[in-house]
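Here is the structure we will look at, set down as structure tokens.
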Number of protein chains: 2
Amino acid sequence: MIRLSRLSDYGIVLMSHLAGFGDGEPHNAREIAAEASLPQPVVSKLLKALARQGLLESHRGTKGGYSLARRPEEINAAEMITALEGPIGLTECTVHPGECAQEASCHVREPWRRINDVVRAALAEVSLADLAQPPRTPTHPDTLPLAGNVG
Amino acid sequence: MIRLSRLSDYGIVLMSHLAGFGDGEPHNAREIAAEASLPQPVVSKLLKALARQGLLESHRGTKGGYSLARRPEEINAAEMITALEGPIGLTECTVHPGECAQEASCHVREPWRRINDVVRAALAEVSLADLAQPPRTPTHPDTLPLAGNVG
DNA sequence: AAATATCGGACTGTGCCAGTCCGAATTCGA
DNA sequence: TCGAATTCGGACTGGCACAGTCCGATATTT
């Protein structure tokens, strides 16, 4: 259904919570889980994955935890989704060329590729800062790319 | 993975084949299956679903089959996807509000709604005619909405 | 040394997807 | 009027990815 998996959705919520803290300090999985009202094992798993992909920095030990690897303005939705569930692509052939037997004769492939690029671009325009802010007061109201396209 | 299901992908390919025939005549499932090199039961199932959603007209009997309910220019990708796999929405709460326990306190919801709208709009701009045409000669080259946004 | 974290992976159940199949209803042609 | 071809509507099944849990090892702070 062109839907991201629930875990990925959670992951982005977690990122927005981390951005919301404002400090650069590490926060541990338990704290973030409580903040987001999500089960702690799930949160652990997601934070692990995000750190592995370079969006978070991990800090071991007693006062350890996770902190954003970059400023919220420098992290976008496309990155997060890619980190959480692999390359963005509506169709199989966009992500894994060559696995579809009828690629050569497929007339629909090129249009889909363009559509994919548009979706990807739309997601790349949205920063974590935009996601973390309350709806009515975005960080960069003038440059928020979605405002003009939505009714 | 923000991916449409394989069946939906097939469904759109089938629609583009039907558009490619050019005539308004009904074509049966076996013929279309052969055209698209897909198993016939799958094709049957998909055509059934598309007809049920009003995108195709079905004709029973010996010379029966399926034909487009509207002209290819009047059918867009968002419709086809919606018909094949339900409402377009990246997150659960966009499609089924009220099922997520933390909707009230979720800061990310509103931004996601805007992103959804952008994705949906992008898909609505692409007509079946655009999909069915060979890549380099779209029906409406000047109004094809994707051209400007892609590198 | 003890406590607290992450790290890395294995593990399991559930649900949806992909695909098949069948009987009934409908239409066309002879 | 009969038979053939086709859609229609639904049930059914196997497989696989997702969702979520758990544990031992490692690192860091006190």
Side-chain angles (χ1 to χ4, degrees), chain A residues 1-14 18 25-34 36-67 69 81 84-86 90-92 95-96 99-101, chain B residues 1-14 18 25-34 36-67 69 81 84-86 90-92 95-96 99-101:
Chain A
M1 324 192 175
I2 317 196
R3 198 160 306 172
L4 12 105
S5 73
R6 198 189 311 186
L7 284 180
S8 302
D9 192 359
Y10 291 168
I12 291 174
V13 169
L14 297 182
L18 270 164
E25 300 300 307
H27 297 262
N28 67 35
R30 184 171 4 158
E31 177 187 1
I32 299 174
S37 308
L38 291 174
Q40 198 234 333
V42 173
V43 171
S44 267
K45 183 181 191 171
L46 288 167
L47 294 174
K48 246 185 287 184
L50 288 165
R52 201 188 178 81
Q53 296 295 323
L55 292 185
L56 295 179
E57 280 175 1
S58 63
H59 310 268
R60 290 190 170 189
T62 310
K63 296 199 130 185
Y66 295 90
S67 57
I81 293 173
L84 286 163
E85 55 190 28
L90 292 181
T91 55
E92 186 66 22
V95 181
H96 299 119
E99 291 193 1
C100 174
Chain B
M1 323 193 178
I2 316 199
R3 199 160 303 172
L4 15 102
S5 73
R6 198 189 311 184
L7 284 180
S8 303
D9 192 0
Y10 291 168
I12 291 173
V13 170
L14 298 181
L18 269 165
E25 300 299 309
H27 296 262
N28 68 34
R30 185 171 5 159
E31 177 187 1
I32 299 175
S37 308
L38 291 173
Q40 199 234 331
V42 173
V43 171
S44 266
K45 182 182 192 171
L46 288 168
L47 294 175
K48 244 183 290 183
L50 288 165
R52 199 188 179 79
Q53 297 296 322
L55 292 184
L56 295 179
E57 278 175 2
S58 64
H59 310 268
R60 290 191 169 189
T62 311
K63 293 199 130 186
Y66 295 89
S67 56
I81 293 173
L84 286 163
E85 55 189 28
L90 292 181
T91 55
E92 186 68 20
V95 181
H96 299 119
E99 292 194 1
C100 175

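Residue numbering restarts at 1 for every chain, and letters A, B, ... go by the order of the sequence lines.
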- Between D:dT21, D:dT7, D:dC18, which one does the side chain of A:K45 approach most closely? D:dT21
- Item | Atom-to-atom span, CD of B:E31 to P of D:dA5 - whole angstrom | 16 Å
- Give the rounded distance in Å between these two atoms: CD of A:E25 and P of C:dA5. 15 Å
- Query: Looking at DNA chain D, which of residues 52-62 of chain A put a heavy atom within less than 4.0 Å of it?
  - Reply: A:R60, A:G61, A:T62
- Query: Where the side chain of B:V42 is concerned, which of C:dG19, D:dT21, D:dT7 is the nearest nucleotide?
  - Reply: C:dG19
- Query: C:dC7, C:dG19, D:dA19: which one has an atom nearest the side-chain heavy atoms of A:L7?
  - Reply: D:dA19
- Between D:dT21, C:dA5, C:dG9, which nucleotide gets closest to the side-chain atoms of A:R30? C:dA5
- Task: Return the value, rounded to whole Å, for the distance between atom CG of B:L47 and atom C1' of D:dA5.
- Result: 16 Å
- note: A:R3, atom CZ; D:dC18, atom C1'; distance rounded to Å ~ 14 Å
- Message: Quick check on D:dC18: is either OP1 or OP2 less than 4.0 Å from any side-chain nitrogen or oxygen of A:Y10?
- Response: no
- Item | Side-chain heavy-atom pair B:S44, B:Q40 within 4.5 angstrom cut-off | yes
- Tell me what B:K48 touches on the nucleic acid: a base, only sugar-phosphate, or nothing, going by heavy atoms under 4.0 Å. base
- Query: B:P39 has a side chain; which of C:dT20, D:dT30, C:dC7 sits nearest to it?
  - Reply: C:dT20
- Which heavy atom in B:S67 sits nearest to a heavy atom in B:E25, and how many Å separate them? CB-O, 3.9 Å
- Hey, could you give me the CG/NE2 distance between A:L47 and A:H27, rounded to the nearest 0.5 Å? 11.5 Å
- Test side-chain contact (heavy atoms from CB on, under 4.5 Å), reference B:Y66, set B:K48, B:E31, B:E57, B:H59, output is B:K48
- Message: Just the rounded figure in Å: distance from P of C:dT6 to CG of A:L14.
- Response: 12 Å
- Evaluate the side-chain contact (heavy atoms from CB on, under 4.5 Å) criterion for residues B:L84 and B:L7: first the C-alpha distance (whole Å), next the side-chain angles of each, then the deciding distance (0.1 Å), finally the verdict. CA-CA 8 Å; B:L84 286 163; B:L7 284 180; over 6 Å; no
- Query: Rounding to a whole Å, what distance do you find between B:D9:CG and C:dG19:C1'?
  - Reply: 16 Å
- Query: Quick one: A:Y66 OH to D:dA27 C1', roughly how many Å, whole number?
  - Reply: 13 Å
- Query: So does A:S5 get a side-chain nitrogen or oxygen closer than 4.0 Å to the phosphate oxygens (OP1/OP2) of D:dA17?
  - Reply: no
- Identify which nucleotide among D:dT6, D:dA19, D:dC22 has an atom closest to any side-chain atom of A:R6, counting heavy atoms from C-beta outward. D:dA19
- Query: Hey, does A:L46 have a side-chain heavy atom less than 4.5 Å from the side chain of A:L38?
  - Reply: no
- In whole angstrom, give the distance that lies between atom CG of B:L46 and atom P of C:dT20. 11 Å
- Message: Checking B:I12 against B:I81 for the side-chain contact (heavy atoms from CB on, under 4.5 Å) test, could you report, in this order, the C-alpha distance in whole Å, the side-chain angles of both residues, the deciding distance, and whether it holds?
- Response: CA-CA 8 Å; B:I12 291 173; B:I81 293 173; 3.9 Å; yes
